[in-house]
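Notes for the one structure printed next.
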2 protein chains.
Amino acid sequence: MTNTELAEVESVADKPERQRLSAQDWEIAALELMAEEGVAAVAVESLARRLGVTKGSFYWHFSTRDALIEAALKRWEDTDNHNTIARAEQIENPTRRLRELFRQTSREMRSHKIYAALLKAADHPVVAPVMERVSNERIAYLARVFVQAGMQPVDADHRARLTYSTYVGFLQLALQFRASRLSSDAFDDYVGHVIDTLVPN
Amino acid sequence: MTNTELAEVESVADKPERQRLSAQDWEIAALELMAEEGVAAVAVESLARRLGVTKGSFYWHFSTRDALIEAALKRWEDTDNHNTIARAEQIENPTRRLRELFRQTSREMRSHKIYAALLKAADHPVVAPVMERVSNERIAYLARVFVQAGMQPVDADHRARLTYSTYVGFLQLALQFRASRLSSDAFDDYVGHVIDTLVPN
DNA sequence: TGCTGTCAATACGCTTGCGTATGGAGTGCG
DNA sequence: CGCACTCCATACGCAAGCGTATTGACAGCA
């Protein structure tokens, strides 16, 4: 672990073309590809080409393709993911926290693209448990905040589910149908409407 | 067309095992498989096995796999699909119509399963245009009803998008994560909450 | 009966993608 | 120097899936 960290630091210098890869490099590249072209596109040979090596390298780091997927998802869950909620937690007022959560969420694309890709691969045995865990955590978090914002527990559960469904649905509609994409202003208007409709008070 | 319709009528009789297949049979079987296991599972040989024949048969009816997908989706769009809106249209009061639309939609599973499968394959060149057409039609319809229910056009557009996102998101969350499925009663409660939140008045 | 059109079986070639086996190149270190 | 460890290339086997080519079975009809 200390070894890899040192390697990481050094790698910042000779970034452009470096010869020897670590498992991390494969995981990161896998997430990148996943965000762009979906889980199915994460193929060993394809990834290897991207990294300028061959599969001979891959199978030294990972025993199987699924092992890579699993490691990559773990990385995603640990980093991209926990940050989202942690950042929102800093705002005291729950109503304002929800507003900010929505606005923040409506910006940074990368993690969302990955989540969208995972949604489309929810039948994959490695992906399914991750998705279930992440989604349920988020819904539960939303429910807690709705309670803090003054809703009854039952209503808060429903509203959390409704809210999260809205998020998931939006990902599908927006990220897939690239044609009917909203302009930046129109999108802000839409988010405003969503907030007014779903956030109490 | 009259020929095929007659054939359809006759086929009801000798359903269990019939020797010679039509293009229709393949399309219907494809939709069935799609609903159960997704677009990717619609493979020529797999389908053939299901129908008790081999691919030799398939390639007589269709020139390619994509041709089958396309024909099957056309069938889905023409039948399963247009009925949904048509049925709702019979209710005068727009608010009640929305309520009923939600309730109806929350029942019949088959067409939803297909739509969910298509969502996960929205990058497929044959699937994409169908999805875009269907989704936009439905959103536009919702927007019209919201206007009839008294909303301002801009708000109605937003609310329609929000509502449809909720639907799409629900499909993902409910149909995929089979574990955390709601009981029938809890589901009715949830639909009630959704209606109260999204339908004006 | 024989012809023709319709549907189907079989065999083949091709591509993609996974996983294995094996040998080789570079580096650190004793 | 030479050994060992790490990372990588190459070559191979194998399965799934698409599409083609060819032949066969059966029905209707002249």
Side-chain angles (χ1 to χ4, degrees), chain A residues 1-8 10-11 13-14 17-30 33-34 37-72 121 123-127, chain B residues 1-4 6-8 10-11 13-15 17-30 33-34 37-72 121 123-127:
Chain A
M1 194 54 94
T2 10
N3 259 346
T4 47
E5 280 174 25
L6 285 176
E8 182 105 8
E10 288 172 9
S11 79
D14 50 332
E17 290 301 346
R18 133 216 206 167
Q19 287 79 4
R20 296 173 92 81
L21 303 172
S22 69
Q24 278 195 28
D25 297 318
W26 286 94
E27 294 168 15
I28 293 172
L33 221 178
M34 228 165 74
E37 306 181 42
V39 177
V42 180
V44 178
E45 273 128 327
S46 166
L47 253 187
R49 241 171 288 135
R50 266 189 169 218
L51 291 172
V53 293
T54 65
K55 11 189 277 185
S57 169
F58 175 85
Y59 283 101
W60 192 89
H61 295 286
F62 299 93
S63 64
T64 170
R65 173 182 179 263
D66 278 0
L68 168 67
I69 307 275
E70 196 164 2
D123 45 350
H124 187 117
V126 172
V127 174
Chain B
M1 193 54 95
T2 9
N3 260 346
T4 49
L6 284 175
E8 181 105 7
E10 287 172 9
S11 79
D14 50 332
K15 199 104 162 249
E17 289 302 345
R18 135 215 204 165
Q19 287 80 5
R20 295 173 94 82
L21 303 172
S22 69
Q24 278 195 28
D25 297 319
W26 286 95
E27 295 168 14
I28 292 171
L33 220 179
M34 229 164 74
E37 306 181 43
V39 177
V42 179
V44 177
E45 273 128 328
S46 166
L47 252 188
R49 241 171 288 135
R50 267 192 169 218
L51 291 171
V53 293
T54 66
K55 13 190 274 184
S57 168
F58 174 85
Y59 283 101
W60 193 89
H61 296 286
F62 299 92
S63 63
T64 170
R65 173 182 179 263
D66 278 0
L68 168 67
I69 307 275
E70 195 164 2
D123 46 349
H124 187 117
V126 173
V127 174

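Chain naming here is simple, since letters A, B, ... match the order of the sequence lines and numbering starts at 1 in each. What you see is a predicted model; the values in this text were computed from it and never measured.
- Minimum atom distance to the side chain of B:Leu21 is reached by C:dA8, of the listed C:dC18, C:dA8, D:dT20.
- A straight line from NZ of B:Lys55 to C1' of C:dA11 spans 10 Å, rounded to a whole angstrom.
- Remark: aromatic rings of A:Phe58 and A:Trp26 are close, center separation under 6.0 Å.
- Listed nucleotides: C:dC18, D:dG17, C:dA9. Nearest to the side chain of B:Val53: C:dA9.
- A:His61 contributes a side-chain N or O that, together with a main-chain N or O of A:Leu21, makes up a donor-acceptor pair within less than 3.5 Å.
- For B:His124 (side chain) and B:Val39 (main-chain N/O), no donor-acceptor pair under 3.5 Å exists by modelled atom type.
- An angle of 20°, rounded to 10°, separates the two end axes of the helix from C:dT1-D:dA30 to C:dG30-D:dC1, each defined over five pairs.
- Distance CZ (B:Arg20) to P (D:dC26): 9 Å, rounded to an integer number of Å.
- Atom CD in A:Gln24 sits roughly 17 Å away from atom P in D:dT6 (whole-Å rounding).
- Among all heavy-atom pairs drawn from B:Val42 and B:Arg65, the shortest one is O-NE, 2.8 Å.
- Listed in residue order, the members of residues 60-72 of chain B having a heavy atom less than 4.0 Å from DNA chain D are B:Thr64, B:Arg65.
- Between the CG atom of B:Leu47 and the P atom of D:dG17 there is a distance of 11 Å, given to the nearest Å.
- In terms of modelled atom types and a separation under 3.5 Å, the side chain of A:Arg50 and the main chain of A:Ala30 share no donor-acceptor contact.
- Heavy-atom distances to DNA chain C give each of A:Gly56 and A:Arg49 a nearest nucleotide, and the one nearer the 5′ end belongs to A:Arg49.
- The separation between A:Glu45 atom CD and D:dC12 atom P is 15 Å, rounded to whole Å.
- Atom OG1 in A:Thr54 sits 11.0 Å away from atom CZ in A:Arg49 (nearest 0.5 Å).
- In this structure, B:Arg50 atom CZ and D:dG17 atom C1' are separated by 17 Å, rounded to whole Å.
- Remark: P of D:dG19 and CZ of B:Phe58 are 7 Å apart, rounded to the nearest angstrom.
- Using a 4.5 Å heavy-atom cutoff, the side chains of B:Phe62 and B:Glu70 are not in contact.
- Considering every non-hydrogen atom in both B:Ser46 and B:Leu33, the closest pair reads OG-CD1, 4.0 Å.
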Take B:Val44 and B:Leu68 through the side chain to side chain contact (heavy atoms under 4.5 Å, CB included) test and state the conclusion after the steps.
CA-CA 9 Å; B:Val44 177; B:Leu68 168 67; over 6 Å; no

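- Atom P of nucleotide D:dG24 and atom OH of B:Tyr59 are separated by 23 Å, given to the nearest angstrom.
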